[in-house]
Every structure is written in structure tokens, then in C-alpha cells.
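Read through the structure below, which is laid out as C-alpha cells, and then see the notes.
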Amino acid sequence: MIKGMSEEENKPTPEEEPIDTPETPAEEEQQPVDELTKWREMALRTAAEYDNYRKRCVKDREDFTRYANRSLLEELLPVIDNFEMGMQMAQQDTSSMIYIGMSMVQKQLADFLAGQGVEAIECAPGQEFDHNLHEAIMSEPSDQPEGTIIRILRRGYNLRGRLLRPVNVVTAAPKEEAAPEA
């Protein structure tokens with residue numbers, strides 16, 4: 001700004017104003033192509049994100065439907081455990097009507113659980129402890145290698161491939177050697 005001139009007088013005339021024009025015609029054509037490419041990539045990225053979101057929502061809905069009754073089944077398992085203990089006691093007289101009736105109910109429970117996708121986890125004494133399927137409640141000194149299952153305290157179950165309840169087991173620990181008395 002020149003001193004002594006008003007702001008309007010100091011403005012450049014249209015002939016003096018710089019014009020923002022590209023240096024060459026190639027640059028003029030390049031700008032719209034670059035912008036078009038940028039917007040096309042953004043549109044493709046947005047479409048891919050939306051597709052991934054849609055797939056994730058479908059998977060979440062399927063998982064919710066598959067595992068919606070999980071809490072109900074978890075509450076039912078202790079009842080089944082108690083029923084199985086009753087069956088063990090009733091096995092003393094397999095010809096009694098109580099045992100026969102309880103066997104039919106046990107079969108219905110097993111069929112119901114299978115229909116819901118619940119499977120008992122196979123476990124036997126002598127098997128190696130697996131922290132993904134088993135829960136060690138205690139360990140006892142034993143001749144067996146450390147980490148071997150000695151006893152099964154409570155059965156475990158999977159629900160459609162996911163752990164519903166781990167198997168409660170007692171594992172082998174190294175025998176404690178008696179220290180010689182001095």
C-alpha cells in the first residue's frame with residue numbers, strides 16, 4: 001500500500017491483476033484428471049468400507065443368533081450335573097422304575113443339548129492337561145508326569161465350537177520327596 005493513498009485508489013486495475021492460469025495446456029488438463037482420480041479412489045474406498053461394514057453386521061447378527069441362549073444353557077448345566085449324580089446313585093438297581101424313568105429323562109436332556117449345539121468335552125484320566133479345555137481345580141502328588149489329568153471333577157461343554165464351560169480336573173504334581181531328618 002502506498003502511503004497517502006486511500007485503499008480504493010491503491011487497488012490494482014483489472015489490467016494489473018494477476019491471472020491464475022496454468023503455465024501450459026497440459027497442466028490445465030492434468031488438474032481435472034488428478035481430481036477425478038482422487039474422487040474415484042475415495043468413492044471406491046468408501047464402497048469397500050461400506051461392504052466390509054455390511055458383512056461384519058451380518059456376521060455379528062449370525063453370531064448373536066447362534067449364541068443367544070448361552071446364558072440359559074450355562075444355568076442349566078449345574079442341574080444336569082446334579083441329575084447325573086442322581087443317575088449314578090440310581091444305577092445300583094437298574095431294574096427299578098425310578099432308574100428307568102430317570103434314564104428316559106437323561107436321554108431327553110442329551111437330545112435337547114445336542115439340538116442346541118452343546119457337546120460334552122471328551123476327557124479321561126491320563127490325558128494331558130489342555131488349558132483351552134480344562135480348568136485345574138487342584139493338583140496332587142502322583143507317579144504320572146506333571147500336568148497329566150488324574151481325576152475329572154465336573155464335565156465341560158462346548159457350544160457350537162466355543163467353550164461353554166471348561167472341564168474341572170485334578171492334575172498330577174511331582175511327588176514330594178521326604179527330606180532326611182538330621
Side-chain angles (χ1 to χ4, degrees), residues 41-179 181:
E41 287 174 2
M42 188 183 308
L44 288 172
R45 211 174 298 119
T46 303
E49 287 174 6
Y50 175 73
D51 192 43
N52 290 339
Y53 171 75
R54 186 184 53 76
K55 288 176 184 177
R56 189 172 50 250
C57 285
V58 168
K59 183 184 178 303
D60 289 347
R61 195 175 323 121
E62 287 173 357
D63 283 350
F64 177 77
T65 303
R66 290 181 73 172
Y67 301 106
N69 58 356
R70 179 185 179 103
S71 62
L72 171 69
L73 293 170
E74 286 175 340
E75 290 182 34
L76 182 62
L77 292 179
V79 175
I80 293 171
D81 292 338
N82 291 334
F83 188 81
E84 287 178 353
M85 286 192 302
M87 282 295 292
Q88 288 175 351
M89 297 315 262
Q91 281 181 337
Q92 294 172 359
D93 184 13
T94 57
S95 62
S96 76
M97 293 306 286
I98 292 174
Y99 177 77
I100 294 169
M102 286 180 72
S103 295
M104 289 190 292
V105 172
Q106 185 178 32
K107 178 163 180 5
Q108 283 181 322
L109 280 172
D111 291 345
F112 170 75
L113 291 176
Q116 297 300 312
V118 177
E119 302 168 336
I121 297 172
E122 297 298 322
C123 184
Q127 194 176 6
E128 188 68 28
F129 178 81
D130 181 359
H131 69 277
N132 294 315
L133 301 174
H134 306 126
E135 181 178 24
I137 300 300
M138 61 192 315
S139 60
E140 294 177 353
S142 173
D143 294 332
Q144 295 196 17
E146 186 175 0
T148 303
I149 296 172
I150 298 174
R151 283 193 318 271
I152 299 167
L153 301 177
R154 187 177 75 174
R155 292 176 72 182
Y157 296 91
N158 282 326
L159 173 61
R160 292 187 173 95
R162 286 190 185 173
L163 185 65
L164 184 61
R165 182 178 80 181
V167 182
N168 288 353
V169 297
V170 176
T171 58
K175 277 192 171 181
E176 295 175 21
E177 297 187 23
E181 294 183 31

With side chains defined as the heavy atoms from C-beta onward, is the minimum distance between [X] and [Y] less than 4.5 Å?
X: Leu163; Y: Ile121; result: yes
X: Met102; Y: Val105; result: no
X: Gln106; Y: Phe83; result: yes
X: Gln116; Y: Leu73; result: yes
X: Thr148; Y: Phe129; result: no
X: Ile80; Y: Leu113; result: yes
X: Val167; Y: Tyr157; result: no

### Atom CG of Leu44 with >12 non-hydrogen neighbours under 6.0 angstrom
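Counting other residues, nucleotides and ligands, CG of Leu44 exceeds 12 neighbours.
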### Task
State whether the number of non-hydrogen atoms from other residues, nucleotides or ligands found under 6.0 Å of Glu122 atom CD is greater than 12.
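At most 12 heavy atoms, drawn from other residues, nucleotides or ligands, come within 6.0 Å of this atom.
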Minimum heavy-atom separation for [X] to [Y], with atom names?
X: Glu75; Y: Pro78; value: O-CD, 3.3 Å
X: Ile149; Y: His134; value: CD1-CE1, 3.6 Å
X: Ser103; Y: Met87; value: OG-CE, 3.5 Å

### Task
Let me see the working for Val118 and Asn158 under side chain to side chain contact (heavy atoms under 4.5 Å, CB included), right down to the final yes or no.
CA-CA 6 Å; Val118 177; Asn158 282 326; over 6 Å; no
What distance do [X] atom [atom1] and [Y] atom [atom2] have between them, rounded to the nearest 0.5 Å?
X: Lys107; Y: Asp111; atom1: NZ; atom2: CG; result: 3.5 Å
X: Thr171; Y: Ile137; atom1: OG1; atom2: CD1; result: 10.0 Å
X: Glu146; Y: Ser139; atom1: CD; atom2: OG; result: 8.0 Å
X: Leu153; Y: Asp81; atom1: CG; atom2: CG; result: 11.0 Å
X: Cys123; Y: Leu133; atom1: SG; atom2: CG; result: 8.5 Å
X: Ile150; Y: Met138; atom1: CD1; atom2: CE; result: 9.5 Å

#### Entry: Test log, rule salt bridge (charged side-chain N to carboxylate O under 4.0 Å, His left out), inputs Arg70 and Glu74
CA-CA 6 Å; Arg70 179 185 179 103; Glu74 286 175 340; 3.3 Å; yes
### Query
Given Arg165 and Glu135, is the salt bridge (charged side-chain N to carboxylate O under 4.0 Å, His left out) satisfied, shown in steps?
CA-CA 9 Å; Arg165 182 178 80 181; Glu135 181 178 24; over 6 Å; no
### Message
Does Ser142 form a side chain to side chain contact (heavy atoms under 4.5 Å, CB included) with Lys175? I'd like the steps, not just the answer.
### Response
CA-CA 6 Å; Ser142 173; Lys175 277 192 171 181; 5.9 Å; no
### Message
Between Asp93 and Ser95, do the side chains contain a donor N or O and an acceptor N or O under 3.5 Å apart?
### Response
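Result is yes, a qualifying pair exists.
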With a 3.5 Å distance limit and no angle check, can you tell me whether [X] reaches the backbone of [Y] through a side-chain donor-acceptor pair?
X: Thr94; Y: Gln91; value: no
X: Arg160; Y: Arg66; value: yes
X: Thr46; Y: Met42; value: yes
X: Arg151; Y: Pro125; value: no

### Task
Could you walk me through whether Arg56 and Asp51 pass salt bridge (charged side-chain N to carboxylate O under 4.0 Å, His left out), step by step?
CA-CA 9 Å; Arg56 189 172 50 250; Asp51 192 43; over 6 Å; no
